[in-house]
Amino acid sequence: MTTQSKGTALITGASSGIGAVYADRLARRGYDLIIVARSRGKLDQLAARLTTETGRSIEVLTADLSDKRDLERVEQTLKQDATITLLVNNAGFGAFAPLLDSEVNRMDEMISLNIRALTRLTYAAVPGFVARGTGTIVNISSIVAISPETLNGVYGGSKAYVLAFSHSLQHELASKGIRIQAVLPGATATDFWETGGVPVHNLPSAIVMTAENLVDAALAGLDQGELVTIPALPDKEEWDRFEAARRDMSTRLSRTNPAARYGVKELAKA
């Protein structure tokens, strides 16, 4: 049992699935926890078990991050609690139906949780991390961030935002002592699929990873200093080549004249 604390980890969506496994693993690594979700009963059960098994301090914070007042309470915790050294932005939900079969208000709720809440919690945590010269932010994205055709387009777009936001945070904050990691899970055996109307047992077993394996791989990636962790990708060099091509192309995306293939005559400069 670890006695020296590594600080406090605040984990959203912690009542089940990936979030609950993060809570388990981080407590065993020596973190005290603030676990956040809507289900008080599940959080209390998790807190009781982890307190008994690890001896860590576990605080339960019941909040619906789609609710403005609840979100503000979690933001205040991040701003005021100087023991927090790690934020795991895990809360979110997905959808599988194509645009024409999706209900727009439900898509709006997804954007609110997957993007707005994650962004506001990050903004709440970062100033304190920078002031203390240390802190880690783990953002749970998805493979649909780079494969948007796989599932619902709004879901893919929301997770692409998480990936792009993580890149930007790394660019701005790495020199200030802040660690950033974006985790891109593939199909994972959680109630995510049931909630979206596609029970996980309907998926080919060969593509489904357990939440335990997913989180263990993600934490190994964090230990190895990865900015982007794709637990199922066999060859990391494949991602490195993808990322190198993106960065190389970025130097040629803004020029005075359109590319010659468009046949646009050069106009006088403004």
Side-chain angles (χ1 to χ4, degrees), residues 1-2 5 7-78 81 83-84 86-96 106 109-110 112-114 116-118 120-121 124-125 138-142 155 158 162 183 185 187-201 203 208-219:
M1 185 178 296
T2 304
S5 175
T8 300
L10 188 147
I11 307 164
T12 66
S15 61
S16 63
I18 292 171
V21 177
Y22 262 107
D24 180 277
R25 300 305 195 256
L26 291 173
R28 297 180 192 283
R29 283 182 169 223
Y31 286 90
D32 296 320
L33 303 179
I34 301 173
I35 50 177
V36 182
R38 293 178 298 175
S39 175
R40 179 77 192 206
K42 289 182 179 180
L43 289 177
D44 284 342
Q45 290 177 7
L46 180 62
R49 178 175 67 81
L50 292 180
T51 299
T52 299
E53 295 179 0
T54 70
R56 302 261 46 109
S57 170
I58 316 291
E59 178 182 344
V60 168
L61 183 52
T62 308
D64 178 353
L65 298 181
S66 297
D67 181 272
K68 182 179 179 181
R69 287 175 297 181
D70 281 5
L71 179 58
E72 287 176 350
R73 286 194 295 111
V74 183
E75 290 179 63
Q76 287 304 311
T77 298
L78 286 164
D81 189 340
T83 72
I84 295 174
L86 172 59
L87 168 63
V88 180
N89 277 315
N90 169 68
F93 70 88
F96 316 117
R106 183 63 171 166
E109 291 172 6
M110 185 193 303
S112 177
L113 182 58
N114 293 6
R116 179 174 174 269
L118 178 144
R120 292 191 66 92
L121 294 181
V138 175
N139 291 326
I140 306 302
S141 179
S142 168
Y155 177 57
S158 72
V162 174
V183 180
T188 309
T190 70
D191 58 8
F192 169 93
W193 296 93
E194 192 77 39
T195 302
V198 181
V200 71
H201 64 256
L203 301 176
V208 180
M209 186 177 293
T210 67
E212 289 78 9
N213 283 347
L214 181 282
V215 173
D216 288 341
L219 288 172

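Fair warning: this is a prediction, and the values are worked out from it, not measured in the lab.
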**Item:** Check against side chain to side chain donor-acceptor pair (under 3.5 Å), Thr83 and Thr8
**Value:** CA-CA 6 Å; Thr83 72; Thr8 300; 2.9 Å; yes
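- Between Asn139 and Val183 the shortest side-chain heavy-atom distance does not fall below 4.5 Å.
- With hydrogens and angles disregarded, a donor-acceptor distance shorter than 3.5 Å links the side chain of Asn90 to the backbone of Thr12.
- No side-chain heavy atom of Leu86 sits under 4.5 Å from any side-chain heavy atom of Leu10.
- Of all heavy-atom pairs between Gly92 and Leu113, the closest is CA-CD2, 3.6 Å.
- For the pair Leu219/Val215, a side-chain contact is recorded, criterion being any heavy-atom separation below 4.5 Å from C-beta on.
- With contacts defined as side-chain heavy-atom distances shorter than 4.5 Å, the pair Thr190/Ile18 qualifies.
- Using a 4.5 Å cut-off on side-chain heavy atoms (C-beta onward), Lys68 and Arg120 make no contact.
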**Evaluation steps, salt bridge (charged side-chain N to carboxylate O under 4.0 Å, His left out), between Arg69 and Glu72** = CA-CA 5 Å; Arg69 287 175 297 181; Glu72 287 176 350; over 6 Å; no
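- The one candidate from Leu65, Leu121, Ile140 that meets the side chain to side chain contact (heavy atoms under 4.5 Å, CB included) condition with Asn89 is Leu121.
- Atom-to-atom distance recorded for Leu71:CG and Asp64:CG is 9.5 Å, nearest 0.5 angstrom.
- When all heavy atoms are compared, the tightest approach of Ile35 to Ala14 is CB-CB, 3.7 Å.
- For the atom pair Asp216 CG and Thr210 OG1, the distance stands at 8.0 Å (nearest 0.5 Å).
- Counting only heavy atoms from C-beta outward, the side chains of Leu33 and Leu26 approach each other to under 4.5 Å.
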**Message:** Could you walk me through whether Ser57 and Asp32 satisfy the side chain to side chain donor-acceptor pair (under 3.5 Å) test, starting with their C-alpha distance in whole Å, then the side-chain angles of each, then the deciding distance to 0.1 Å, before giving a yes or no?
**Reply:** CA-CA 5 Å; Ser57 170; Asp32 296 320; 4.8 Å; no
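- Heavy-atom minimum distance, Glu75 versus Ala124: O-CB, 3.6 Å.
- How far OG1 of Thr188 is from CE of Met209: 7.0 Å, rounded to the nearest 0.5 Å.
- A distance of 11.0 Å separates OG in Ser66 from CE in Met110, rounded to the nearest 0.5 Å.
- With rounding to the nearest 0.5 Å, the separation of CD1 in Ile58 from OG1 in Thr51 is 4.5 Å.
- With values rounded to the nearest 0.5 angstrom, Leu61 atom CG is found 8.5 Å from Leu43 atom CG.
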**Request:** Could you give me the CA-CA distance, side-chain angles and deciding distance for Leu78 and Ile84, then say whether side chain to side chain contact (heavy atoms under 4.5 Å, CB included) is met?
**Result:** CA-CA 7 Å; Leu78 286 164; Ile84 295 174; 3.9 Å; yes
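- Both the sub-6.0 Å distance and the 45° axial angle are not jointly satisfied by Arg25 relative to the ring of Tyr31.
- The shortest side-chain heavy-atom distance between Arg40 and Val60 falls under the 4.5 Å cut-off.
- When all heavy atoms of Leu50 and Thr54 are compared, the closest pair comes out as O-OG1, 2.6 Å.
- Taking the side chain as every heavy atom from C-beta outward, Asp24 and Arg49 approach each other to under 4.5 Å.
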